[in-house]
Amino acid sequence: MSNEIKTVNPATEETITTYDQMDENQAFDAIEACHAAFDQWRLKSTQERAEIIRGVGQALRDNKEEFAQLMTQEVGKLIGDSRDEVELCASICDFTAENGPSELADEERDIPGGTGVVTYAPVGVIYGIQPWNFPSYQAVRYTIANLMAGNGVLLKHAENCTGSGLFLKKVLEAGGLPKDLFTVLVIDHDTSDKIIGHKLVRGVTMTGSDKAGAIIAQKAAEHLKKSVLELGSNDAYIVLDDADLDVAVDACVQGRMYNNGQTCVNAKRFVVTDKNYDEFVNRYVEKVKAIELGDPTDDNTKLGPMSRTDLRDDLHQQVQDSVANGARVLAGGEVPDKPGAWYPATVLVDVKPGQPAYDDELFGPVASIIRAKDDEDAMRIANDSRYGLGGGIFSKDEKRARELASRHFDTGMVSVNGFNIAIPNMPFGGVKDSGYGREHGGFGMKEFVNIKSVYISEAA
């Protein structure tokens, strides 16, 4: 008899639904079916694929409210953020449908005695292991790119948003996607490892923690499978001497609290020069103290629960460990005495190396403010991290900020005078322990393709 997965509302700790896990044979049968669907899909032209993907975007919009309500119920997202997430997914479909055919078009090159053709051929079934913090977006981000490339797609979603994964499958097929081409695997970790080694799986993509990413990369490498990893980060947003503090404070509060603080590219460390430090801290703390916890289904709520109580408890332990090593709490920092995965908006100062607030990723609504001597020191501190996903710079000198972002910030993405999550036409991904590979911006369509050389000799 298969094991069950239980989904739980993090705001109330009430059970939502239970799902039966697949056994190994059921999972392997699903892979076979996905590959059979791929064998037909790969023969469609890029224009034909694009039209279906455009239909998927419409289906997402048609089902936006139901999908949003489900995500908020499963993981505690603010309902407005859930609606925005579904719209982002639809816009990914729009971008991919519009640009996919040109991105994947054959290229001709001159070669001695003939013509060289570079063609982008699909490789097969791609396996995605995805987290809970963006139940639709995380799955759509790699799925739509790979469908455009002509591949089949498997999804192992986080257990606590199993319903969202299955709902996405319904939406994709409602938009016109052939049955079985996108397949949700409701499986445990042991079966997942066997999926990676399956002969019909040609690539693995995973979003999650750096520890989990290292395990998945090793498993993929054992079988000579390519992997793309988008892992955690402790993104630094630096406030330089000439920063506009009105802009910086507002963006840094938004950047830390967005999605209840549970985003890989949330602003997490705020590195502020001596010149601005005291005023930034005072204004930041004032704004954070005004953020109240509330019902995530209420449009007026500014901060909902975290996704699970165990993750909330892990975050609180990181706060306590940081305080034990010299950090101070200026706002929040206490677990509310009520059911649910609640944690208040929290601010830590006196953050230094050796504390989780400096060294690690705090995946929740906790801001770490770090003092820097000057602009150069701020840039040094920002790069003093094993991570490198995103970051930010606040400066009135846009030209200088652009140079710092381009030449000195050791991350995959940098926001200047603002906070950004993901935009379909810009590449998304990181360096160092934040992983490798790129999604969005056309790059994701070419991560799992056979870039094939065809040599055509001139007729004699």
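If you're wondering where the values come from, they're calculated on a predicted model, not measured in any experiment. Hydrogens, waters and symmetry mates are skipped; everything else that's a heavy atom, side chains included, is used.
One finds no salt bridge joining Glu4 and Lys6 here, because no Lys/Arg side-chain nitrogen approaches an Asp/Glu carboxylate oxygen to under 4.0 Å. Under a 4.0 Å N-O distance rule, the pair Glu403/Arg400 does not qualify as a salt bridge. A salt bridge does not link Arg386 to Asp359: none of the charged nitrogens lies less than 4.0 Å from a carboxylate oxygen.
In this model, no donor atom of one side chain and acceptor atom of the other lie less than 3.5 Å apart for Tyr19 and Thr7.
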List the atom pairs, donor and acceptor, that lie under 3.5 Å between side-chain atoms in residues 83-90 and the rest of the protein, sequence neighbours left out.
residue : atom : partner : partner atom : Å
Arg83   : NE   : Glu65   : OE1          : 2.8
Arg83   : NH1  : Asp299  : OD1          : 3.0
Arg83   : NH2  : Glu65   : OE2          : 3.0
Glu85   : OE1  : Lys77   : NZ           : 2.8
Glu85   : OE2  : Ser136  : N            : 2.9
Glu85   : OE2  : Ser136  : OG           : 2.9
Glu85   : OE2  : Tyr137  : N            : 2.9
Glu87   : OE1  : Arg61   : NE           : 3.4
Glu87   : OE1  : Lys64   : NZ           : 3.1
Glu87   : OE2  : Arg61   : NE           : 3.1
Glu87   : OE2  : Arg61   : NH2          : 2.9

**OP:** Check step by step if side chain to side chain donor-acceptor pair (under 3.5 Å) holds for Asp235 and Ser233.
**Re:** CA-CA 6 Å; Asp235 290 1; Ser233 194; 2.4 Å; yes
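Arg312 places a side-chain N or O within donor-acceptor distance of the main-chain N or O of Trp342, the cut-off being under 3.5 Å. A donor-acceptor contact shorter than 3.5 Å is absent between the side chain of Gln40 and the backbone of Ala37. In this structure a side-chain-to-backbone donor-acceptor pair under 3.5 Å is missing from Asn266 to Lys268. A donor-acceptor pair is defined here as one N or O able to donate and one able to accept, closer than 3.5 Å; no such pair exists between the side chain of Asn160 and the backbone of Val75. Between the side chain of Thr301 and the backbone N or O of Asp295 there is at least one donor-acceptor pair closer than 3.5 Å. In this structure a side-chain-to-backbone donor-acceptor pair under 3.5 Å is present from Lys225 to Ile196. Checked by atom type and distance alone, the side chain of Trp41 pairs as donor or acceptor with a backbone atom of Leu147 at under 3.5 Å. Using modelled atom types, one side-chain atom of Arg438 and one backbone atom of Gly430 make a donor-acceptor pair closer than 3.5 Å. Formation of a donor-acceptor pair under 3.5 Å by the Arg269 side chain with backbone atoms of Val351 is not found in this model. Using a distance-only test at 3.5 Å, with no hydrogens or angles considered, a donor-acceptor pair links the side chain of Ser102 to the main chain of Asn99.
Atom CD of Glu108 is surrounded by 12 or fewer heavy atoms from other residues, nucleotides or ligands within 6.0 Å. Counting heavy atoms of neighbouring residues, nucleotides and ligands inside a 6.0 Å radius, atom CD of Glu13 exceeds 12 of them. Other residues, nucleotides and ligands contribute only 12 or fewer heavy atoms inside 6.0 Å of the NZ atom of Lys287.
When all heavy atoms of Tyr343 and Met306 are compared, the pair lying nearest together is CB-SD, 4.0 Å. Heavy-atom minimum distance, Val416 versus Ala401: CG1-CB, 3.8 Å.
Taking the centre and axis of the six-membered ring of Phe270, the NZ or CZ atom of Arg256 falls outside the cone set by 45° and 6.0 Å.
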